[in-house]
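Here is how names work: the chains are called A, B, and so on, in the same order as the sequence lines, proteins then strands, and each is numbered from 1.
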Amino acid sequence: MAMKSETGKTGRLYRLSVWSVRRMANALPVLAVLAAIVVLWYAGSVAMNAKWAYAQAERAGETLSLSQLIADTQSQNRPRLPPPHQVFAELWDSTVEKKITSKRSLVYHGWVTLSATFQGFALGVSVGILMAVGIVCSRTLEMSLMPWAIISQTVPVVAIAPMIIVLSNSLGIDGRATPKAIISAYLCFFPVLVGMTKGLRSPDRMQLDLLKTYGASGAATFRKLRLPGSVPYLFTSLKVGIAAALVGTVVGELPTGAIQGLGARILIGDQFGNPMQIWAALFAAAILAGGLVTLIGAIQTLVLRRMGMEQ
Amino acid sequence: MTGLWGLWAAVAFWVVAWALNVRLANSAYRQARAVRIGVPVLFGVAILVLWEGIVTGFGVSPVILPAPSAIAAKFAASTETLWLDFSQTVLKGALSGFLIGAGAAFATALAVDRSPFLQRGLLPIGNFVAALPIVGIAPILVNWFGFDWQSKAAVVVAMVFFPILVNTVQGLKEAGRMQLDLMRTYAASYPQTLLKLRLPAAMPFIFNGLRVATTLALIGAIVAEYFGSPTRGMGFRISTEVGRLGLDMVWAEITVAALAGSVFYGLVAMLEKRVAFWHPSQRE
């Protein structure tokens, strides 16, 4: 009895250590590449900011030693390429140090972008799913719609962005949230459409035949076989879709003279020559994208486990 | 009154076209090439007719939504400007950036090919970066490389690099154990295995990346122009014409963008058909 529990314990320990070693083996290369990127970034910031440092020194009639040069390139006010620590100082300053309600808080601007992303995502996913259902149900719809859906994605969405804003303004829709949401929906509906069409068609001949022997109606087959069968495909495309929706929102903020949102921070940082602000907004967008994809991934695991479809 | 008649005619045309499509899609000829092209074309034409009918029927102001006929007229009248913008944005900005970015991504993928350690590090990071809104980097690059097409090409390089890199690295892992073993029994060297087995096997993946990159390239080149450009280019024209409410010109530019995007995508897809003809997705 005692021995049995002993082996069980070591077995678990063994498994745990295998797991952590495997995890380490996965994390190590990523960390190494990240470290290489940081080193390159620092080197690049020295190289790109050196010109300004030399010009300043010459004006002051001084000559710079190498260590002075490096020190100067790492602490300029308006560097061409801000080194990582300056970007993160700005990121820290504009998220943690500022009040959330402040117009200078990245949390506030991030929220503006996030809410437009969610609206666009909801719209895009609904359109994508509806079109997929239509395409699976009607051959006419499939033949007429599918080529245009593909063509719609080859049209650069930014060309349409100013157009959508003019249109929604003249239709009496106030605010910038709606056009942004439409642009982000435009980018995110396509992966959902493709994934969902594939998913609704994933049940094979045998399963369809089985339902036929049950005398199931078309609607029942759809609800009990096709719909559940499409869920794994749906989640895979939702992950692509939410990243695309965020890209769409930021793109929607860029050319439109928006004053709120991460894209607007980039725009304003450009107009006022504040590179740190641009970089901080870029990183905030990256963090947001990572968080959103992770969130969808977590929901996917949860739902699939609930449905008994774990991979 | 005539406008309303036009609207009814347009609706009638749409109904007839839809009925014809239903017949065609369910007929015995639905696999025929002509039908497979004809149905979506008819659908598109019907929507254009409906659009024309609604705009003329309800008397929609051209400042809100110009009719397709007005857009076509503007297009025909200003081909010279459109060509100038096209060559500035697409040929100089997007295409050169696409080629440089694809080349760099391909070279990087080959460079890390012999190091599984670097690949394992690069793949997750590349996948993550490929999902980011990299377009945001546009103002920084315009600042670095100036207003002309070089900065647009730089934005395009940054945007297309990661999708192509990730797909190429993934594709180079596609050759099966058996196939690799066969190459070894032939005593094939590393370059020979790469050239004769692994690169061809990677082609469907590489083209997957290239296809995604075609759209990104145009987006990048146009967005970069919003942050400063010489007085030509599609992004420049669109933003100035929107300001002047010259919406017919904006739609003409959108038409050019749509055509350029579709042709670009189509060219890559055609090349894929030639190169990766053996892949199941290419067989019919």
Side-chain angles (χ1 to χ4, degrees), chain A residues 25-26 28-34 36-37 48 80-81 138-148 150-151 153-160 162-163 165-167 170-171 239-240 243-244 246-247 249-251 254-255 262-263 266-267 269-270 273 275 278-279 281-282 285-286 289-290 293, chain B residues 18 21-22 24-26 30 35-36 39-40 42-44 61 63-65 116-122 124-125 128-129 131-140 142-144 214-215 218-219 221-223 226-227 234-235 238-239 242 245 247 250-251 253-254 257-258 260-262 264-266:
Chain A
N26 280 337
L28 208 61
V30 175
L31 290 177
V33 172
L34 276 180
I37 291 174
M48 294 204 63
R80 270 159 78 80
L81 177 61
S138 152
R139 191 178 290 139
T140 319
L141 222 49
E142 182 194 355
M143 288 184 76
S144 11
L145 218 52
M146 207 55 190
W148 288 108
I150 294 170
I151 290 174
Q153 296 304 299
T154 65
V155 179
V157 64
V158 275
I160 311 178
M163 206 60 243
I165 290 159
V166 171
L167 260 177
S170 52
L171 290 177
K239 275 194 260 180
V240 182
L246 182 67
V247 173
T249 312
V250 173
V251 167
L254 282 180
L262 294 177
I266 294 174
L267 199 69
D270 178 50
I278 303 180
W279 283 98
L282 276 175
V293 174
Chain B
W18 182 251
N21 267 350
V22 171
L24 279 175
N26 294 304
R30 67 165 183 272
V35 173
R36 290 222 320 260
V39 168
L42 192 59
F43 183 77
S61 156
V63 199
I64 297 174
L65 189 65
F117 181 80
L118 277 182
Q119 283 177 13
R120 277 210 309 273
L122 217 55
I125 294 178
F128 178 65
V129 177
L132 297 182
I134 304 182
V135 275
I137 211 169
I140 297 168
V142 170
N143 205 346
W144 287 357
T214 54
T215 326
L218 283 184
I219 293 185
I222 294 179
V223 167
Y226 292 123
F227 293 99
M234 293 160 74
I238 289 174
S239 53
V242 161
L245 291 177
L247 288 208
V250 176
W251 278 100
E253 289 284 356
I254 291 177
S262 305
F264 198 3
Y265 185 93

Per-residue contact mode, [X] against chain A (heavy atom under 4.5 angstrom):
| X | result |
| --- | --- |
| B:L42 | neither |
| B:N143 | backbone |
| B:V250 | side chain |
| B:V22 | both |
| B:T214 | neither |
| B:L122 | both |

Please report the closest heavy-atom contact between [X] and [Y], naming both atoms and the distance.
| X | Y | answer |
| --- | --- | --- |
| B:I125 | A:V30 | CD1-O, 3.7 Å |
| B:P133 | A:L282 | O-CD2, 4.1 Å |
| B:P139 | A:I266 | CG-CG2, 3.4 Å |
| A:W148 | B:P40 | NE1-O, 2.8 Å |
| A:T140 | B:A25 | CA-CB, 3.6 Å |
| B:G136 | A:I278 | O-CG2, 4.3 Å |

Name the member of A:S144, A:G263, A:A243 that forms the most heavy-atom pairs with chain B at distances under 4.5 Å.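 Counting heavy-atom pairs under 4.5 Å, the top option is A:S144.
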Contact part of [X] toward chain B, heavy-atom cut-off under 4.5 Å: side chain, backbone, both or neither?
| X | answer |
| --- | --- |
| A:M48 | side chain |
| A:L34 | both |
| A:L81 | both |
| A:P275 | neither |
| A:A286 | both |

Which of B:I254, B:I137, B:V242 touches chain A most, by non-hydrogen pairs under 4.5 Å: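 Ranked by contacts with chain A, first place is B:I254.
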Shorter than 4.5 Å, heavy atoms on both sides: which option in B:G261, B:A138, B:G266 has the most such pairs with chain A? B:G261
Approximate separation, where rounding is to 0.5 Å, of [X] [atom1] and [Y] [atom2]:
| X | Y | atom1 | atom2 | answer |
| --- | --- | --- | --- | --- |
| A:M143 | B:F43 | CE | CZ | 13.0 Å |
| B:F117 | A:L28 | CZ | CG | 4.5 Å |
| B:Y226 | A:D270 | OH | CG | 15.0 Å |

If you apply the rule side chain to side chain contact (heavy atoms under 4.5 Å, CB included), what do you find for B:I140 with A:W279, and how did you get there? CA-CA 9 Å; B:I140 297 168; A:W279 283 98; 3.5 Å; yes
